[in-house]
Trainee: 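Handing you a structure now.
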Amino acid sequence: MLKSFQQYIDGTFEDATTTFDSVNPATGAVWAKMPAASAADVDRAVQAAHRALSEPAWAALTASARGKLLYRLADLVAENAQQLAELETADTGKIIRETRSQIGYVAEYYRYYAGVADKIQGAYLPVDKPDMEVFLRREPVGVVAGIVPWNSQLFLSAVKLGPALAAGCTIVLKASEDGPAPLLAFARLVHQAGFPAGVVNILTGFGADCGQALTTHPLVSRIAFTGGPETARHIVRNSAENLAATSLELGGKSPVLVFDDADLESVSNAVIAGIFAASGQSCVAGSRLLVQRGMRERLLQRLIEKARAIRIGDPQDVATEMGPLATRRQRDHIESVLKASLAAGAVLLTGGERAAGLGEGYYFQPTIVDCPDAQVPSVAQELFGPVLSVMTFDTEAQAVALANDTRYGLASGVFTRDLTRAHRLTRALRAGIVWVNTYRAVSPIVPFGGYGLSGLGREGGLDAVLEYTRTKSIWIRTSDEPIADPFVMR
Ligand code: NAD
């Protein structure tokens, strides 16, 4: 019996007129029916969000009361983490070890923004006119359109919902058509937490109709998008119609720089975590390993051993370390880029094949390729899969040049025990995140986002909440004297 999910519009759970099949990537079999939101559904959701913006049930709540709703939502996420994790694992193939721990941590994002809600402050300005008082109010920007990709949907929506709701906005959140189950189930927790009808609306559907309708809707004031650069360009063109402010969290081709003096065991674990966790389907995947010549052979040997020892299999099994790719399309893409890379001179060090003996699931072996130059497709393009491209350098200057030779700039990692070199590199690397002697660490307290094709704007941290506000300047004249010359600007 197939499971079925509903969309959440204006405080009500409902079926959509049409549905689509969702495939369990571990088996290749359809396991659930998902509601495909139409343009008319999107319009109803945006209208509801727009109405809710000014209705007293939301608009008259104090900031502290908004914070309390977010605290309640955080508790519900934590209490339901296991069930949400199982759904995410079933729908995306991401291993249960990771989904459970990540969703537990998603609750911390809601807690963080719950605490921020009543700390969004306006200002009093010492204006240069003696008979005027001027202050600034920070008001919610309006209806937000949140759009997320298929990896980590609960996590990627928390960094939008948390600050948007703390600021007093309302939101229509579009789950990806791939793996939407956890976000549609999360809608039940939003409802249970007691947010007024229309404040949060959650639906899913395809980019061409549902996504298009949402990003061109005239009542949307802000678009918070996570996904690929091609879709981002399309959305920015769409946003020109309404001049909706847009933040973009996009892909990456993040370099991991390893110097001769780094600790071998620690580096090899970090490199493995950077590229093979989540089967490489992570925007911050450390997919380019840049290794100094003196360390090269020792590190590659260790990485090959570790890659071959990774337990690939059923993502619902807690012992599994690498699950399938999320979609067949994704596996096809990885295979074709890999083939082109080998034709361009890359040398296969391990992997390169579909993992055997696992039925019809979209499994792919952890793969390492040695690349002679940056023209190799796997060095230049984001694969979003378990493929590590290795390049070798001799000097620090070469390492920086190779690291920055990309149009992306999301994350980077530096492994060295030389403190001054580590500091130099934190300045030289063009990326929104530099991890030194660690990789893939995140926190609600720390901003997250990229340079170049990796995006615009930052999510996470205190400042993110300001992106969901706009200021209103309020002038109050304190003099009872008649206004002087009306033809002169005051
Ligand atoms: P995608 O761009 O194809 O899709 C992302 C979302 O956009 C989906 O919900 C999709 O339905 C929607 N969409 C597609 N066309 C649309 C349109 N015309 N209008 C509006 N919405 C539309 O990306 P994907 O393949 O699902 O995800 C992988 C990408 O996401 C990778 O590039 C990855 O690096 C990136 N990503 C970035 C971050 C980050 O925080 N920087 C995090 C996770 C993933």
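First listed ligand is number 1; within each ligand, the first listed atom is number 1. Note that this is a predicted model, so its numbers are computed, not measured.
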Trainee: Examine the side chains of Ser454 and Lys253 and answer whether a donor and an acceptor come within less than 3.5 Å of each other.
Mentor: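 No donor-acceptor contact under 3.5 Å links the two side chains.
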Trainee: Report yes if some N/O of Thr226 lies less than 3.5 Å from some N/O of ligand 1; otherwise report no.
Mentor: no
Trainee: Can an N or O of Gly228 be found at a distance shorter than 3.5 Å from an N or O of ligand 1?
Mentor: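 Yes, there is a polar N/O contact under 3.5 Å.
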Trainee: Of all the non-hydrogen atoms in the protein, which one sits nearest to atom 17 (C) of ligand 1, and at what distance?
Mentor: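 Residue, atom and distance for the closest contact: Gly207 O, 3.5 Å.
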Trainee: Based purely on interatomic distance, does Pro149 place a nitrogen or oxygen under 3.5 Å from a nitrogen or oxygen of ligand 1?
Mentor: no
Trainee: So which bit of Val284 gets within less than 4.0 Å of ligand 1, heavy atoms only: side chain, backbone, both or neither?
Mentor: neither
Trainee: Are any of the N or O atoms of Leu250 closer than 3.5 Å to those of ligand 1?
Mentor: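 The answer is yes, given that Leu250 and ligand 1 share an N or O pair closer than 3.5 Å.
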Trainee: Give the residue and atom name of whichever protein heavy atom lies nearest to atom 12 (C) of ligand 1, and the separation in Å to one decimal.
Mentor: Ile147 CG2, 3.8 Å
Trainee: Does the structure place the NZ or CZ of Arg222 under 6.0 Å from the centre of the six-membered ring of Tyr468, at an angle of no more than 45° from the ring's axis?
Mentor: yes
Trainee: If we set the cut-off at 4.0 Å for heavy atoms, which region of Asp178 has an atom near ligand 1: side chain, backbone, both, or neither?
Mentor: neither
Trainee: So which protein heavy atom does atom 32 (O) of ligand 1 come closest to, and at what separation?
Mentor: Glu382 OE1, 2.7 Å
Trainee: Looking only at protein heavy atoms, which one is nearest to atom 8 (C) of ligand 1, and how far off is it?
Mentor: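 Result for atom 8 (C) of ligand 1: Val148 O, 3.4 Å.
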Trainee: Determine, using ring centers only, whether Tyr109 and Tyr105 are less than 6.0 Å apart.
Mentor: yes
Trainee: Please indicate whether any nitrogen or oxygen in Asn238 is less than 3.5 Å from any nitrogen or oxygen in ligand 1.
Mentor: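 Looking only at distances, the answer is no, because the N/O contact criterion of under 3.5 Å is not met.
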Trainee: For atom 35 (C) of ligand 1, what's the nearest protein heavy atom and its distance?
Mentor: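 The closest one turns out to be Gly227 O, 3.2 Å.
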Trainee: Considering the options Leu250, Leu456, Val148, which one meets the side chain to side chain contact (heavy atoms under 4.5 Å, CB included) requirement together with Phe225?
Mentor: Leu250
Trainee: Answer yes if the side chains of Trp31 and Asp21 hold a donor-acceptor pair under 3.5 Å, and no otherwise.
Mentor: no
Trainee: Give me the residue, atom name and distance of the protein heavy atom closest to atom 2 (O) of ligand 1.
Mentor: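 Scanning the protein heavy atoms, the shortest distance from atom 2 (O) of ligand 1 goes to Thr231 OG1, 2.6 Å.
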Trainee: Is Arg354 close enough and on-axis enough to Tyr363, meaning under 6.0 Å and within 45°, for cation-pi?
Mentor: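 Negative - Arg354 is either too far from the ring of Tyr363 or too far off its axis.
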Trainee: For residues Asn151 and Gln281, is any side-chain donor paired with an opposing acceptor at under 3.5 Å?
Mentor: no
Trainee: For atom 19 (N) of ligand 1, grab the closest protein heavy atom and report residue, atom and distance to one decimal in Å.
Mentor: Gly211 C, 3.5 Å
Trainee: Do Arg329 and ligand 1 have an N or O pair less than 3.5 Å apart?
Mentor: no
Trainee: Do the rings of Phe195 and Trp58 sit parallel, tilted or perpendicular, given the 30° and 60° boundaries?
Mentor: tilted
Trainee: Would you say Trp150 and ligand 1 have an N/O pair spaced under 3.5 Å apart?
Mentor: yes
Trainee: Which bit of Glu249 gets closer than 4.0 Å to ligand 1, counting heavy atoms only: side chain, backbone, both or neither?
Mentor: both
Trainee: Identify the closest protein heavy atom to atom 10 (C) of ligand 1: which residue and atom is it, and at what distance?
Mentor: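 The closest one turns out to be Glu177 OE1, 3.5 Å.
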